[in-house]
Amino acid sequence: MQQSDLLIEIGTEELPPTALKTLATAFSDNIAAGFQEASLNFDSIRWFATPRRLAVRLEKIQTQQDDIVVEKRGPAVKAAFDGDGNPTKAALGWARGNGIDISQAERLVTDKGEWLLHKALVKGKNIEALVADIVSRALDKLPIPKPMRWGSGDVQFIRPIKTICILLGDTLVDGQVYGINSARKVQGHRFHGNGWTEIPSAEQYEETLEKEFVIVDFNQRQQIILEQVDKALSNLNGASADINDELLDEVTALVEWPVTLKATFDERFLAVPKEALIYTMKGDQKYFPLLDNQGNLLPEFLFVSNIESKEPRYVIEGNEKVIRPRLADAEFFFNTDKKQSLESRLESLSTVLFQKQLGTLKDKSERISSLAGVIAAKIGSNVEHAKRAGLLSKTDLMTEMVMEFTDIQGVMGMHYARIDGEVEDVAVALDEQYKPRFSGDSLPTNPTSCAVALADKLDTLTGIFGIGQIPKGDRDPFALRRAAIGLLRIIQHHNLDLDVAELVKASQALFGDKLSNDTVDTDVIAFINSRYRNLYTDLGVDISIIQSVQVCNPTKPANFDARIKGVQAFVELSEAKALAAANKRVANILAKNPTDTSSEIESSLFESDEESALYNAFNAVKSDFETSIEKGDYVNALSKLASLQVPIDAFFDNVMVMAEDEKVRNNRLRLLSLIRGSFTATADISELSI
């Protein structure tokens, strides 16, 4: 079996930098799937991506499909020949269709009869005959929301395609993709080198383009940037660069030959809150802001150029010139905003709708204020501070700064609140009300912040569910899933004794007659309850453990977490598997035989020692068990019940639950119900997969 390396490069005009990595990995996955479907094996696949190309190289790919034998069953022998043994029309037609004489047909004998059979040898195709179609289908499947058309053709792609290069080893594969013929010529660096170059072989792809100032390996290019950043920082006395993964990926996608340089800006701009300056440097210009070891912004930044200039000072001066007006805008907005207090902006919130049926942002702010006060009282926080922060929570949306730089809402509210003389926990709450903003984000740090953040999320959940706009599929325009998970994380992290059912009722009342959904409270609680699976599977908790607690529907998130920990400890016990099985058996018996559990269990009706032993064993742990449940100590509660494993097993081995005597039968059912009810005070152990 012959093997060779296969290179596929799609040369384009500049690809969207935020999408480049996603496109490259999807292209690689699609190509791999295409060759696997074609039964062409390969050792490995690598993807490459620069602003003007997507490429993959498959190492040691099989160059020819294996020959295969295809069995083609014909008509049953009974129908294939007449009484004189002559072939029927059906048999002759089948043989003709397979290119054989009827005498060449084999026989397939099964226990259901005998059929004509032809074993056809299908020759495998070579890779050259398959690759163009595989590439076309791989491109068709890329996640491109808005493809574009260019020239006079009907071809559509995310950007105009300039070149196609398909090399098998050092051989150019003839083929056409999207109307473009495969060729060795590919694009080099736009400014350095010769602009165009020819690739001698698949194996020489990277080294050939590197001579043309193109680092085609995305990850290698990213590593070069990080090394250059580290080198620049080594001369800056403990400074660090503010770089997140998304920004680093985007910068990597913007350059083919990275050159990292340092520039400066006027120190007067440091009077503006650093978040605004960082936002414009990172978001608008794709620069790396620099911070000192105290986290303060320095009047310097790093940027990555796509050219290696003989006079880098001109490149630096150009970037300093570009950033200056952006920072001046931020300075102007900040100085303008300071002239007006947040409180004075409250009335302007009446001009902005939160949602047509639910009113304006001012309406929402007033509801958040009231609900934050309720929550603050429940968690022992300062009620007036929580109400004040809730009232001001959306006012920074009306500032010039936030209107221009929307991603720093909340942060600017905090800064303006401090300037206005608001107390510190109110100011901090204006920023932390939006936390967690994304998966893994930090949480509100003080009780006032928690009260406002929870009130904001509950108001959105209750309001949107209250008008029937429940998230469906991927559609979640009000980010209700994120709000629900954020609510759970805050309550659990701070171990707040809050009942979601009570809070939803309180929120519901604040909407007056605006809500049209009569079941809003149960709908919201069910939606929040459904988020536990996502929350805990991310933490590595077994799904059956989550389900065992979910079915009990506890409405206190902190209590839910305590139950999860209790069940996690329980499944590690040697008795757990037997008790889970017993619980399943008890659940099935009780489901088929409902009984009045309000009546007392009568020990006088016990007919066997095993009944008495189980009842006495339960009573022996009952007091400690109930005390543990009251304290929320579910680990200890379940460990107490674990001691019942031996008497429960003995009960089922020796006692017939469905006795003929109705009183005896019902007494036994009440005993089982008592045992099961004790377990379900923590979780439904019968749900566990152990």
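Looking at every heavy atom in both residues, P444 comes nearest to S449 through CB-CB, 3.7 Å. The minimum heavy-atom distance between S393 and I368, with the atom names listed, is OG-CD1, 4.0 Å. Contact record, L290 with L233: CD2-CD2, 3.7 Å, taken as the closest heavy-atom pair. Closest of all the heavy-atom pairs between V255 and P258 is CG2-CB, 3.9 Å. The heavy-atom pair separating L358 from F354 by the smallest distance is CD1-CE2, 3.8 Å. Annotation for V229 and A241: closest pair CG1-CB, 4.0 Å, computed over non-hydrogen atoms.
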Are F527 and F465 close enough, and set up right, to give a ring-ring contact (aromatic ring centres under 6.0 Å, His included), and what steps lead you there?
-> CA-CA 10 Å; F527 181 75; F465 269 87; 5.0 Å; yes

Decide salt bridge (charged side-chain N to carboxylate O under 4.0 Å, His left out) for D633 and K631; before the verdict, give the C-alpha distance in whole Å, the side-chain angles of both, and the deciding distance to 0.1 Å.
-> CA-CA 5 Å; D633 184 358; K631 292 179 178 179; over 6 Å; no

Begin from the C-alpha positions of E14 and R159 and carry the test salt bridge (charged side-chain N to carboxylate O under 4.0 Å, His left out) through to its verdict.
-> CA-CA 7 Å; E14 268 74 8; R159 291 292 185 271; over 6 Å; no

For side chain to side chain contact (heavy atoms under 4.5 Å, CB included), just list the numbers for D561 and K565, CA-CA rounded to whole Å, side-chain angles, deciding distance to a tenth of an Å, and then say yes or no.
-> CA-CA 6 Å; D561 190 60; K565 290 180 171 61; 2.5 Å; yes

Carefully, step by step, assess R324 and D266 under the rule salt bridge (charged side-chain N to carboxylate O under 4.0 Å, His left out).
-> CA-CA 8 Å; R324 193 175 300 120; D266 196 319; over 6 Å; no

Between R367 and F511, is a side chain to side chain contact (heavy atoms under 4.5 Å, CB included) present by the stated rule, with each step listed?
-> CA-CA 8 Å; R367 292 193 302 267; F511 283 93; 3.2 Å; yes

How far apart are the C-alpha atoms of D499 and K556, what are their side-chain angles, what is the distance that settles it, and do they pass the salt bridge (charged side-chain N to carboxylate O under 4.0 Å, His left out) test?
-> CA-CA 5 Å; D499 190 324; K556 290 186 173 184; 5.4 Å; no

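Side-chain contact annotation: R53 with T50, donor-acceptor N/O pair under 3.5 Å present. Residues D396 and T399 bring no donor and acceptor atom of their side chains to less than 3.5 Å of each other. At a cut-off of 3.5 Å, with distance as the only test, no side-chain donor of H192 or E256 sits close to an acceptor on the other residue. A donor-acceptor contact closer than 3.5 angstrom is absent between the side chains of D292 and Q294. Between the side chains of N382 and D425, not a single donor N or O lies within less than 3.5 Å of an accepting N or O.
Checking each of L454, T448, L496 against I375 for a side-chain contact (heavy atoms from CB on, under 4.5 Å) leaves exactly one that passes, namely L454. Each of H493, R437, E432, K435 was scored for a side chain to side chain donor-acceptor pair (under 3.5 Å) with S442, with one residue passing: K435. Partner of V567 under the side-chain contact (heavy atoms from CB on, under 4.5 Å) criterion, out of V541, D542, V635, I545: I545 alone.
With a 4.5 Å cut-off on side-chain heavy atoms, L498 and K378 count as touching. Between V315 and S309, some side-chain heavy-atom pair lies under the 4.5 Å cut-off. Here the side chains of R418 and V428 are in contact, with some heavy-atom distance below 4.5 Å. You'll find the side chain of L297 reaches within 4.5 Å of the side chain of I278, heavy atoms only. Residues K231 and T260 fail the side-chain proximity criterion, which asks for heavy atoms closer than 4.5 Å. When side chains are defined from C-beta on, T360 does not count as touching L349, because their heavy atoms never get closer than 4.5 Å. The shortest distance between side-chain heavy atoms of D249 and F218 falls below 4.5 Å. In this structure, the side chains of L54 and T12 stay at 4.5 Å or more apart for every pair of heavy atoms.
Between F213 and W257, the ring-plane angle classifies as perpendicular under the 30° and 60° cut-offs. Between F301 and Y287, the ring-plane angle classifies as parallel under the 30° and 60° cut-offs.
In terms of modelled atom types and a separation under 3.5 Å, the side chain of R345 and the main chain of M398 share a donor-acceptor contact. T406 places no side-chain N or O within donor-acceptor distance of the main-chain N or O of V402, the cut-off being under 3.5 Å. A donor-acceptor contact shorter than 3.5 Å links the side chain of K286 to the backbone of G283. In this structure a side-chain-to-backbone donor-acceptor pair under 3.5 Å is present from S370 to E366. Although no hydrogens or angles enter the test, the distance criterion places no donor-acceptor pair under 3.5 Å between the side chain of S344 and the main chain of Q340. A donor-acceptor pair under 3.5 Å is absent between the side-chain atoms of E400 and the main chain of T336, judged by distance alone. Side chain of R563 to main chain of I546: no donor-acceptor pair is present (N/O by atom type, distance under 3.5 Å, no hydrogens or angles). One N or O on the side chain of Q433 and one on the backbone of L430 form a donor-acceptor pair closer than 3.5 Å.
The existence of a salt bridge linking K394 and D456 is confirmed by a sub-4.0 Å separation between a basic side-chain nitrogen and an acidic carboxylate oxygen. Note on K282 versus E250: no salt bridge recorded, every NZ/NE/NH1/NH2 to OD/OE distance being 4.0 Å or above. The pair E331-R268 meets the salt-bridge criterion, with a side-chain N (NZ, NE, NH1 or NH2) lying under 4.0 Å from an Asp/Glu carboxylate O.
By the neighbour-count criterion of 12 heavy atoms within 6.0 Å, atom CD of E347 is sparsely surrounded, having that number or fewer from other residues, nucleotides or ligands.
Put simply, CD on Q223 and OG1 on T252 are 10.0 Å apart, with the number rounded to the nearest 0.5 Å. Here F48 contributes atom CZ and I215 contributes atom CD1; the two are 11.5 Å apart, rounded to the nearest 0.5 Å. To the nearest 0.5 Å, atoms CZ (F478) and CD1 (I464) are separated by 4.0 Å.
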